[in-house]
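Inspection log for the structure reproduced underneath, given as structure tokens.
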Amino acid sequence: MNTASLLRRFCLALPLLFSCSTPPPTAAPEAAKVTTRDAAPLVALGDERTFGPTTPLPSAFDQQRPALSSDGTGFLAVWSDDRARGAGNIRGARLAADGTLVDPVGFAIGEAAQYYRVGAPGVVWNGDEHLVVWQRGYFSVYGNILVTVESALVSPSGAIRRSALAPRLNLLVPQAMKITMGAHGFLAAWSVGTRINGLLFDESGTPAAQPIELIAGKSLGEDLTVIFDGTNYLVVGSGQLTTGGSQGIWARRFNASGAPVDAAPFSLSGDVLAARPSAARVGDNVLVAWEDAGSTGGAEWDIQGALVTPGSTAADRFLIADGTAGNGKKQPAIAFDGTHALVAWADEASKQVRAGRVTAAGSGGPGEPITVLDPQGVATEPCVAFSGGIFLVAGTRSLPGGGNDVVAARVSPEGTRVDAAPVTLSVGAPAQMTPRVAWSRDRALMVWSTWNGVALDIHGVRLDANFQPLDGTPFVISGADGNQDEPDVVSNGEDFLVVWRDDRKDDTGTRRDIYGARVTAEGAVMDAQGIAIAAGNPPVGPPTARQHPRVVVDGYRYVVGWSHDGEVKIAQVSPQGWVSGNVTVAKANNTSSFGLACTLNGLCAVVLPLDYRGFSPLALYRFDSLLTKLNEAPMFVSPLEDHTRAAGLTFDGTQFVAAWISNKKSSPAVLAARFTPVGTVLDGTPVEVATEVNASEPQLASDGHAVLMTWEQRTSGSWDVMGRQFDKALVGPPAEALAKGPTDERAPSLAVSAAGAVIAVWELDDPGQGAIRVHASTGRLLSVLGTACGAATDCGSGFCVDGVCCDSACGGGTSDCIACSMAAGAAADGTCGPRAANATCDDGAACTQNDLCQGASCVGAPKTAPSPGPCQVITPVCDPETGDFPTTQAPDGTACDTGECRAGACVPRNDPPDDAEPEESGCGCTTGPGAAGTSFMLLLTLTGILWRRAGHGR
């Protein structure tokens with residue numbers, strides 16, 4: 001054997017020796033996991049929370065025109081109530097004879113609704129329940145109001161059940177309702193200016209099919225009264241029946257079927273200026289009282305009265321309260337205790353409600369008038385009832401900041417006020433309105449205007465990334481004099497700027513300014529007195545009203561917008577609190593809501609409804625970082641023939657997205673469209689977000705991937721807060737209701753963090769707290785097409801492919817020829833399609849190789865059998881299970897390059913067989929713990945043999 005052959009055998013042995021002691025290769029590292037947003041709906045259901053104190057205060061806005069009913073042991077007070085953002089409803093509260101307020105925050109009897117007005121309610125006890133009646137009117141697009149008479153029954157326990165619907169009436173405005181119980185039913189009456197109409201109810205409270213005309217005239221005031229005299233209904237009104245005829249108080253009787261008993265109305269007051277009649281049954285007669293100007297023509301008002309005997313049209317008039325010498329008496333109200341009637345009135349001089357007693361025979365009781373209601377503010381609109389041995393007098397008091405509350409006090413039959421001070425019936429938790437929210441990295445700030453019992457302040461609370469409050473109680477951002485409301489908030493990535501409407505310097509009732517304050521991420525208010533962003537009256541002319549503030553950030557500065565006398569204006573506020581610029585954008589057709597958004601490099605856009613060729617399309621104006629207007633002529637986002645209002649705007653990182661209410665259709669629709677920073681509109685046909693609904697207040701937000709939108713929409717008789725999520729192409733799943741409560745939800749807003757955390761806020765009339773309260777719901781954003789995902793539940797589409805949210809199930813991996821991510825070979829992230837031609841793939845066949853994509857198919861070339869090694873026999877057919885070609889040993893004795901095959905190895909023909917060597921197979925290594933050492937010794941021995949055979953050992 002020559003040296004080359006020996007070296008060849010050494011090289012064959014070497015890898016076998018070392019392979020026995022080499023550990024197996026390290027496993028391939030686990031693929032990096034894709035982090036994504038939590039899998040959850042847009043806003044988690046059942047996660048509504050409230051913030052702030054709940055100790056009852058006098059309610060905000062107007063509560064007025066109370067009416068009382070007695071059940072023998074206590075009272076039910078009802079009134080018209082505007083605490084639900086100016087939307088009139090009917091509210092009530094029970095009061096025990098001992099003065100206990102049974103319902104601390106009252107309860108809603110007639111549901112609130114925007115664009116509706118309600119007239120003052122009437123109420124009467126039927127022996128089992130209180131029957132409450134009122135009118136509701138809807139403001140139509142033509143300016144008139146369709147009025148319906150509505151009613152409900154309230155049990156002594158406070159349970160409410162709505163009565164059957166009464167007929168719809170075509171009237172101009174809803175009016176005060178008065179109702180009385182007859183022998184076998186009820187009669188409700190109201191005025192429509194030239195007529196007094198009525199509606200009969202049966203004993204169960206079911207109304208008749210049609211109203212009836214009771215008194216017709218030339219001019220009849222809205223104040224009237226109706227009473228049952230034991231036989232007939234007596235209807236009493238005020239006004240003038242014929243042109244040139246007498247004025248005064250008129251009465252007419254009707255039987256239980258509504259047929260007139262008197263051929264014509266008869267006069268109670270004589271030909272004098274008289275108004276606001278009230279009546280009560282006193283024994284067998286009816287006592288009627290009214291405001292009477294006598295011969296003064298309205299300069300002085302007395303309270304006059306008359307006893308009306310059943311079946312008679314004669315009236316014996318007498319003076320109840322003297323209003324001469326500038327001490328006018330108005331708005332009388334009467335109740336009877338079986339011996340005396342208590343007549344209450346509003347006293348103009350003292351601004352209090354006072355009362356006096358009258359006998360059943362029509363004579364005055366002893367003593368001076370009783371001061372019944374003397375709260376802070378002016379007391380008016382008294383009503384009286386008797387129950388449980390006590391009189392209750394209720395009325396309204398004016399609030400210092402505007403509006404009224406309902407107050408009440410008790411009077412004994414002897415004519416003494418029982419309560420040291422009036423009790424407020426129309427209380428509720430501190431009202432919270434117009435919430436807004438913004439994220440700053442790992443925390444959010446939620447702000448709102450809150451009622452302090454006198455006026456509105458701005459409060460706030462911070463939430464962490466897990467939506468937990470960082471503040472034990474909400475903190476005051478602005479508690480200045482007067483009202484601060486309509487807040488908005490934004491973050492520059494660190495701190496926040498809160499802006500609001502402010503009337504601290506208003507002494508006219510019309511001036512409104514725009515103020516702001518910076519709040520740190522730690523919750524410190526940096527501007528305790530506020531920053532005057534836009535304030536002051538013009539040198540000449542009436543005071544100005546600035547309102548509807550908006551605030552965004554342009555990458556460095558804050559940009560604040562507001563409406564001012566029909567124009568939209570903007571200004572900048574630096575992070576240090578310096579205000580610069582006061583730029584007019586344009587005169588808007590409707591400035592109740594405009595859209596403002598900025599890019600992070602200083603370009604800002606404003607969209608607003610513009611009066612243009614008889615329409616009001618949505619106009620676009622752009623501004624640079626110095627608030628220089630980039631287009632003097634308007635650019636339009638909506639079709640020019642649209643009628644738009646209530647616009648919202650956001651920037652999603654590459655484009656602006658605007659939303660608005662379109663009035664082109666029979667019902668308003670929510671529309672949206674995109675435009676680029678240079679103003680190119682990308683949606684010539686706007687996207688329909690919600691159609692054929694009564695909608696308002698679209699608000700938008702974006703995290704740079706998705707666009708979130710919320711708005712309020714009226715469905716099934718109530719206002720619901722809706723939400724919808726879109727990708728950058730404005731494609732997304734259907735809208736969903738963010739709040740599940742049965743009451744009206746209004747003024748929605750939302751914010752999304754860079755991590756996809758969503759906070760949605762809104763206000764609602766909370767029945768349990770008797771006030772408008774801010775509610776918040778939290779959740780996580782569903783990923784949009786093309787964004788990273790870890791599971792299908794992360795994606796709005798329901799498909800997670802190649803690590804991104806995909807528009808379909810697609811192929812699902814890099815081993816095929818279709819993909820949904822650019823990293824996997826797709827043309828765009830989120831869109832399923834074929835990978836690039838000749839991209840590597842795997843056709844799944846073991847007997848092919850060099851697989852390449854051809855269209856959507858993966859094609860591989862057939863494998864060819866390898867050349868056999870020494871002493872090997874290879875089958876030329878590929879095994880489809882393994883992809884290998886079967887290999888066997890050549891029979892022993894088969895000739896090979898260096899000799900013959902023996903046990904699959906090529907050895908010299910004169911070599912002894914290897915089977916004498918223990919625990920060794922061919923030239924392989926031994927096994928066991930000493931394998932490495934044995935192999936090394938074998939190597940040395942083999943080297944020595946070769947050395948000797950080469951002749952070196954001789």
- Query: Does Thr644 use its side chain to pair, donor to acceptor, with the backbone of Ser616 at less than 3.5 Å?
  - Reply: yes
- Does Ser491 have any side chain to side chain donor-acceptor pair (under 3.5 Å) partners at least two apart in sequence or in another chain, and if so, which? Ser440
- Counting only N and O atoms by type, is there a donor-acceptor contact under 3.5 Å from the side chain of Asp720 to the main-chain atoms of Ala737? no
- dist Glu763:CD -> Arg773:CZ (nearest 0.5 Å) comes out at 12.0 Å
- Task: Using the test side chain to side chain contact (heavy atoms under 4.5 Å, CB included), find all partners of Pro575 that sit at least two apart in sequence or belong to another chain.
- Result: Asn492, Tyr556
- Does Arg518 use its side chain to pair, donor to acceptor, with the backbone of Gln576 at less than 3.5 Å? yes
- Message: Go through it in stages, so that I can follow the logic: the residues are Lys587 and Glu567, the test is salt bridge (charged side-chain N to carboxylate O under 4.0 Å, His left out), and I'd like the CA-CA distance, side-chain angles, deciding distance and then a yes or no.
- Response: CA-CA 4 Å; Lys587 188 174 183 63; Glu567 295 179 331; 5.7 Å; no
- Item | Arg724 side-chain N/O to Val689 backbone N/O, donor-acceptor pair under 3.5 Å | yes
- Message: Measuring only between side-chain heavy atoms, which start at C-beta, is Phe675 closer than 4.5 Å to Leu682?
- Response: no
- Query: Checking salt bridge (charged side-chain N to carboxylate O under 4.0 Å, His left out) for the pair Arg512/Asp506: CA distance, chi angles, key distance, verdict?
  - Reply: CA-CA 7 Å; Arg512 301 291 185 272; Asp506 177 40; 3.4 Å; yes
- Taking the side chain as every heavy atom from C-beta outward, state whether Val559 and Val490 have any atom pair closer than 4.5 Å. no
- Query: What's the spacing between Leu671 CG and Glu688 CD if we round to 0.5 Å?
  - Reply: 6.0 Å
- Using 30° and 60° as the class limits, which term best fits the ring planes of Tyr612 and Phe636: parallel, tilted or perpendicular? tilted
- Message: Testing Leu456, Val551, Ile458 one by one against Pro487 for a side chain to side chain contact (heavy atoms under 4.5 Å, CB included), which residue passes?
- Response: Ile458
- Query: Would a 4.5 Å heavy-atom cut-off, applied to side chains only, mark Val499 and Ile533 as touching?
  - Reply: yes
- CZ-OG1 distance between Arg501 and Thr434, expressed to the nearest 0.5 angstrom: 8.5 Å
- Message: Does Arg550 qualify as a cation-pi partner of Phe594, given the criterion of NZ or CZ under 6.0 Å from the six-membered ring centre and within 45 degrees of its axis?
- Response: yes
- Item | Straight-line distance of Met722 CE to Trp762 CH2, nearest 0.5 Å | 11.5 Å
- Task: Decide side chain to side chain contact (heavy atoms under 4.5 Å, CB included) for Phe615 and His643; before the verdict, give the C-alpha distance in whole Å, the side-chain angles of both, and the deciding distance to 0.1 Å.
- Result: CA-CA 6 Å; Phe615 297 93; His643 289 282; 3.5 Å; yes
- What do the steps show when you test Met635 against Arg622 for side chain to side chain contact (heavy atoms under 4.5 Å, CB included), and what is the final call? CA-CA 9 Å; Met635 308 167 78; Arg622 299 158 51 250; 4.1 Å; yes
- Query: When you measure from the side chain of Asp683 to the backbone N and O of Pro686, does any donor-acceptor pair fall under 3.5 Å?
  - Reply: no
- Examine distances only and state if a side-chain atom of Ser753 and a backbone atom of Trp439 form a donor-acceptor pair shorter than 3.5 Å. no
- Item | Side-chain heavy atoms of Asn663 within contact of Arg645, under 4.5 Å | yes
- Message: If you define the side chain from C-beta out and look only at heavy atoms, does anything of Met709 sit under 4.5 Å from Phe726?
- Response: yes
- Message: What I want to check is whether the side chains of Thr599 and Asn601 have a donor and an acceptor closer together than 3.5 Å.
- Response: yes
- Task: Please check if the side chain of Gln655 supplies one atom and the backbone of Lys728 the other of a donor-acceptor pair under 3.5 Å.
- Result: yes
- Query: Is there a donor-acceptor contact under 3.5 Å from the side chain of Asp488 to the main chain of Val560?
  - Reply: no
- Value rounded to 0.5 Å, distance of CH2 in Trp660 from CG in Asp642: 7.0 Å
- Side chain proximity check, Glu632 to Tyr621, heavy atoms < 4.5 angstrom: no
- Between CG of Asp503 and CG of Asp485, what distance do you get to the nearest 0.5 Å? 7.5 Å
- Does a side chain donor of either Thr654 or Asp652 reach within less than 3.5 Å of an acceptor in the other side chain? yes
- Using a strict 4.0 Å threshold on nitrogen-to-oxygen distance, state whether Arg546 and Asp513 make a salt bridge. yes
- Query: Do any N or O atoms from the side chain of Ser702 and from the backbone of Gly704 form a donor-acceptor pair under 3.5 angstrom?
  - Reply: yes
- Task: Report the residues that fulfil side chain to side chain contact (heavy atoms under 4.5 Å, CB included) with Asp457, sequence neighbours left out, ordered by chain and then residue number.
- Result: Thr450, Asn452, His459, Gln484
- If you draw a 6.0 Å radius around CG in Asp481, do more than 12 non-hydrogen atoms from other residues or ligands fall strictly inside? no
- Item | Pairing residues for Ala517 by the side chain to side chain contact (heavy atoms under 4.5 Å, CB included) criterion, not counting sequence neighbours | Ile477, Trp500, Val525, Asp527
- Task: May I ask you to check whether Ser59 and Arg83 show a side-chain donor-acceptor distance below 3.5 Å?
- Result: yes
- Would you say the side chains of Gln63 and Asp81 form a donor-acceptor pair under 3.5 Å? yes
- Task: Mark yes when over 12 heavy atoms from residues, nucleotides or ligands other than Gln529 sit less than 6.0 Å from its CD; otherwise mark no.
- Result: no
- Please answer whether the main-chain N or O of Val585 pairs with a side-chain N or O of Lys629 as donor and acceptor at a distance below 3.5 Å. yes
- Which residue pairs pass the salt bridge (Lys or Arg N to Asp or Glu O under 4.0 Å) test when at least one of the two sits in residues 594-619, sequence neighbours left out? none
- Task: Decide, yes or no, whether a salt bridge links Asp744 with Arg746 under the criterion of side-chain N to carboxylate O below 4.0 Å.
- Result: no
- Task: List in chain and number order the residues that pass side chain to side chain contact (heavy atoms under 4.5 Å, CB included) with Ser580, two or more places apart in sequence or in another chain; answer none if no residue qualifies.
- Result: Gln572
